[in-house]
Amino acid sequence: MDLYPAKRVEIIIESVMEGHLTEALVDAGVTGFTIVPVSGGSGRSGQWSGQGQVSRAGGMVMFVCLLRPDRLQTLLDSVFPVLDRHIGVLSVTDTYVLRAERF
Amino acid sequence: MDLYPAKRVEIIIESVMEGHLTEALVDAGVTGFTIVPVSGGSGRSGQWSGQGQVSRAGGMVMFVCLLRPDRLQTLLDSVFPVLDRHIGVLSVTDTYVLRAERF
Amino acid sequence: MDLYPAKRVEIIIESVMEGHLTEALVDAGVTGFTIVPVSGGSGRSGQWSGQGQVSRAGGMVMFVCLLRPDRLQTLLDSVFPVLDRHIGVLSVTDTYVLRAERF
Amino acid sequence: MDGILALAQQNLLSPIILSFVLGLAAALVRSDLNIPEAIAKGLSVYLLFAIGFKGGANVSSHGADLELALALLAGIILSAALPFVAYGLLRLLTRLSVVDAAAVAAHYGSISIVTFVAASTILDSQGIGYEGYMVAVAAAMEAPAILTALWLISRARPESRQQDSHLWREVMLNGSIILLVGAFVIGWITGEEGKRQIDPFITAPFHGLLCLFLLDMGLVAGRGLYKAQRVVSAGALVFGITMPLVSSLFGLLAGLALGLSLGGVTLLMVLAASASYIAVPAAMRVALPEANPAVYLTLSLCITFPFNLILGIPLYITAAELVMAG
Amino acid sequence: MDGILALAQQNLLSPIILSFVLGLAAALVRSDLNIPEAIAKGLSVYLLFAIGFKGGANVSSHGADLELALALLAGIILSAALPFVAYGLLRLLTRLSVVDAAAVAAHYGSISIVTFVAASTILDSQGIGYEGYMVAVAAAMEAPAILTALWLISRARPESRQQDSHLWREVMLNGSIILLVGAFVIGWITGEEGKRQIDPFITAPFHGLLCLFLLDMGLVAGRGLYKAQRVVSAGALVFGITMPLVSSLFGLLAGLALGLSLGGVTLLMVLAASASYIAVPAAMRVALPEANPAVYLTLSLCITFPFNLILGIPLYITAAELVMAG
Amino acid sequence: MDGILALAQQNLLSPIILSFVLGLAAALVRSDLNIPEAIAKGLSVYLLFAIGFKGGANVSSHGADLELALALLAGIILSAALPFVAYGLLRLLTRLSVVDAAAVAAHYGSISIVTFVAASTILDSQGIGYEGYMVAVAAAMEAPAILTALWLISRARPESRQQDSHLWREVMLNGSIILLVGAFVIGWITGEEGKRQIDPFITAPFHGLLCLFLLDMGLVAGRGLYKAQRVVSAGALVFGITMPLVSSLFGLLAGLALGLSLGGVTLLMVLAASASYIAVPAAMRVALPEANPAVYLTLSLCITFPFNLILGIPLYITAAELVMAG
Ligand SMILES: Nc1ncnc2c1ncn2[C@@H]1O[C@H](COP(=O)(O)O)[C@@H](O)[C@H]1O
Ligand SMILES: Nc1ncnc2c1ncn2[C@@H]1O[C@H](COP(=O)(O)O)[C@@H](O)[C@H]1O
Ligand SMILES: Nc1ncnc2c1ncn2[C@@H]1O[C@H](COP(=O)(O)O)[C@@H](O)[C@H]1O
Ligand code: NA
Ligand code: NA
Ligand code: NA
């Protein structure tokens, strides 16, 4: 059970952009990611909460993407145009994965 | 697209403390964080699950907070009194972010 | 408020395996973990979304487990048989925690 | 005696009780049957809204000013006083710490709205009337017990820290109290005309939705019972069954003193006998994080709630009937 | 004048308005009362399906071909034209940037389906009939305003980038439009026979479920009001109240020109006067991310929506009555 | 023949089928219309509870002991036997691996409860009666097919590993089976009196809630169809349509042998013809993780389910009518 170095990219972005970001990732060949729901938060534009919300306008989602270190730049290049004008944050963390051939 | 070092603080805490922790963070000037729902878990006090629960007493939430390394101490100082007597765990991970001016 | 080194293990696995994995972890003495709902994703088997799904067959969940570095191997040994034949990814990240005695 | 048994059996064989039993059984055999959290919360919103509204509409057509004020007062006193009884009984029967005992006591002074709803549904199906304002009494009884519990602790541990504003908000502005009182007021203001408009929503499907809610509660209670052995001593178990019986006597006396109808007396007994498992647990996590939630949740949800639902309610009806007939 | 006041009071004291007020009050005192997101979305699916279906079934029994086409056309023109009025008024009354003003204008050209539903419920309870196809007009008015807003910006900033396919999907295939139109078509196809089958679902509990939805909207609007002071200037506030009044006049003229019934004219006034807070905000996040959502959401949801719900609707009914009687 | 067409057309133009078609269409044009997961699960809890309860209450008033036992036995045999047919047909028509073919076979031996519900709703609206215990037969047919599939694999691959306790829990204590059987038993125990209490909940809104559930299924099936081309070969497609026809013949024979009523025979045909897409897929993920879920989900949910819903049910009714009249 060896562990291999990888990158964990976490992107928190507006719900309305979920489809765009998915497309951008898949187009860039980044086909492994997981989407986690988000229930609230706070940023420069103040606090928000998803409670009782019907519109998708206010909400956010979190993408978690594990990938080989050498693919990081491809991911960043494809994500940046989507993230650029929109509300959201991105972080990149060093991590280790099992079964490196999957990433 | 440069990446800047940052800290990723993850706090898993009882749902009833969501409001307190939010206030503590905002009071300490930590205004960027995201709240993720949690559906179950296990700890020293045994396993729990949010399924079918009406009361907020049993549930937990996860705060994810990205911030500049030099602001970490402020965050810890403001969070500790809230976390202290309550159920919850906190972890701090080194990470990298885009657009450092936002944090 | 000292911080102690720890490992953050994140396992994204099919919902149907939630019970198995919980048992495997608890049996291995890993009793601290948190389960986060997942709303969609993409992998080698294509994209999926939990929207409107009634069956548990399609969904996934995320386990987040903080533990002392010396317990990592125990965890990996107990998780591997469950993860092996099933859809899912595992990552291990270096992190720091408060109150080390809890882990 | 025959009356109780017949009533208990009839109760036991109603869809609402059997739905609860189904949930309990499914959880105990560890089926994956579950009601999503959002649906459970939605059902509780529905029940609180419907029961509050119906109570208010009833008051609007029957009037209740002084009577209502006195009943509220009696409810508040009961809620504030019963924790002393509970605390004493707990110290007698168990080895719980001061904090744990006080936390449990708060639950038993406060009330369980679903037990109240189940009881009023059973009264309806028996054709026994009751005062519409009893739902306001239920709301009034939610919080005072918490104050008594905090006082019990501050007496035992004078150094304990001051409670902050979060606690007060948790206690007084708790969502379920606001919704129940709000719906009551809406029902009162809009009266018969309002009732006519939303009646097909709050009356026709009520019984069935209560079944689903009790199914969910059975599931949650059944899951909790797994942990019960480790957490609940024999003494605590005895408490979980004795306390509602004792409390119901206080409810009975208060109901008679207020001159309530048979149904009203029964409901006051039920309120006194029931223990909170939604609002008070949340308040306790804020106010007394060191109290062990497994103790109070298990007692309230896994012992006292099923006891009241299955045996308690028929017992209280029969007792009220006997006393009021005599 | 007495008529308006009586109607306003009667409206104010109905369960639906009081439920909204309850939600607003609970949020303002910062209670933790909340409706889970999934339940709120489920309620909106129900309302859209029911209102769409009923409209379609109504058209199927009364027929509407040319009339319907003309009304749709009028709705599209209103939706496309009103943003110009809104934009002008905003530039006059506020210092909002071009982008912010255009984004707000898009909201006011488009419509709020809950305001429409509330108005038709009030008409029903007044016994005032209306054309079943008005719900199709509502659907037709959702999107055109967005195009006008984008045109306003592209005129002011010729360098602004081309919109991509995502925006068009967001605008034209928006879930609420599809559901409303789809249910309308289903109602139209299945007619009386279909209505008979699902009537106990779409009619009987409608009023009560609308109460719960408005309770939720009160909660959301109340939370939004916390931020309102910082975001909304006095000028914007004036806009949020003046604009619906101005728009309703356009609606009135269009309704008279189309020869609609009293109820139909009122509903067209309501559609013109209402501002979107579900579909357009989402489209704006995609199309104009640089516009400040706090501005348009606060204006639409926290100012104009409550105004229309509480005062606007009785006003529009009375105005239509006066004009059509005269 | 005219009968079938008329029936098919009438079926096609009913609100439930059109709601499914609406969902399908919305997903195919890639609208963002969606039903939250919690609401979809809540709807399925409702449908299972209501259909189980109604069946039980019906049995309680008509009695069914030996008949019921024989029908259950027939259902179990059908469920256990049909996977052999399916497996053979798949090996003939497709190049699926042993594991994939066995996994698909398990789905077709088991049943789809929504197809059953839709069929009984259509029978109701045609005024065709059926045995109340058919819902118990449905429950009994959920699991046996899984055992056959596992046996098929263990025969082909004797080295395959033993199944553990998790699988048995997944199969036998599956939430939907427990709920269906539990509600059936509750209906049986509480009978007419219980039915009277919760009838406005389980009967009046049933049709409408089924529409919303089918809308959701249309959305899910439509999203699945996107992947269908890549996954499903022409042979598999033929299987997805032929298999229900073949199975329904077995159901017809079994129904005639049991001496069921016209409605009962039709429902047994529907059960035999339908393929699971809730319980069996989850069991397959546990038992046969190496089987490709895209294959069995696409076949069951995107091919066979729509086929049965739209064409199959009218066909089975007509076939049963012809045979039983002859
Ligand atoms: N530093 C941060 N850490 C985590 N989440 C953040 C941070 N900053 C912003 N967010 C998330 O992004 C949303 C929008 O941020 P903003 O654009 O700054 O208002 C917030 O509501 C949070 O959910
Ligand atoms: N080591 C851990 N890693 C992740 N989550 C944890 C850990 N320990 C505790 N938790 C979470 O915190 C909750 C309460 O923990 P405890 O107070 O230990 O019972 C658990 O149910 C988990 O959700
Ligand atoms: N590289 C990855 N990063 C994050 N999540 C992943 C990754 N690969 C797979 N997943 C998750 O695991 C699921 C199944 O993956 P797969 O078995 O590759 O189809 C996906 O739908 C994602 O939710
Ligand atoms: Na009590
Ligand atoms: Na408008
Ligand atoms: Na079958």
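Naming: A, B, ... by sequence-line order, numbering from 1 per chain.
Of the two parts of B:Leu98, the backbone and the side chain both hold a non-hydrogen atom closer than 4.5 Å to a non-hydrogen atom of chain A. Contacts of B:Val61 with chain A are absent, with no heavy-atom separation under 4.5 Å from either backbone or side chain. If you measure heavy-atom distances from A:Val36 to chain B, the contacts under 4.5 Å come from the side chain alone. Heavy atoms closer than 4.5 Å to chain A are found nowhere in B:Phe63, neither backbone nor side chain. Only the side chain of B:Val64 comes within contact range of chain A, with heavy atoms under 4.5 Å apart.
Under a 3.5 Å cut-off, the side chain of B:Arg102 and the backbone N or O of A:Gly43 do not form any donor-acceptor pair. Counting only distance, with no hydrogens or angles, the side chain of B:Thr95 and the backbone of A:Val92 share a donor-acceptor pair below 3.5 Å. The backbone N or O of B:Thr31 sits less than 3.5 Å from a side-chain atom of A:Ser42, completing a donor-acceptor pair.
Under the side chain to side chain contact (heavy atoms under 4.5 Å, CB included) test applied with B:Tyr96, the options A:Asp94, A:Thr93, A:Leu90 reduce to a single match, A:Asp94.
Rounded to the nearest 0.5 angstrom, B:Ile35 CD1 and A:Trp48 CH2 are separated by 8.0 Å. Between the OG atom in A:Ser49 and the CD atom in B:Glu18 there is a gap of 7.5 Å [rounded to 0.5 Å]. For the atom pair B:Met62 CE and A:Ser39 OG, the distance stands at 11.0 Å (nearest 0.5 Å).
The minimum heavy-atom distance linking B:Pro37 with A:Pro37 is given by the pair CD-O, 3.3 Å.
Interface remark: of the candidates A:Gln47, A:Arg8, A:Glu10, A:Glu10 forms the most heavy-atom pairs closer than 4.5 Å to chain B.
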One pair to check against side chain to side chain contact (heavy atoms under 4.5 Å, CB included): B:Leu3 and A:Leu76. What are the steps and the verdict?
CA-CA 10 Å; B:Leu3 290 168; A:Leu76 293 179; 4.1 Å; yes
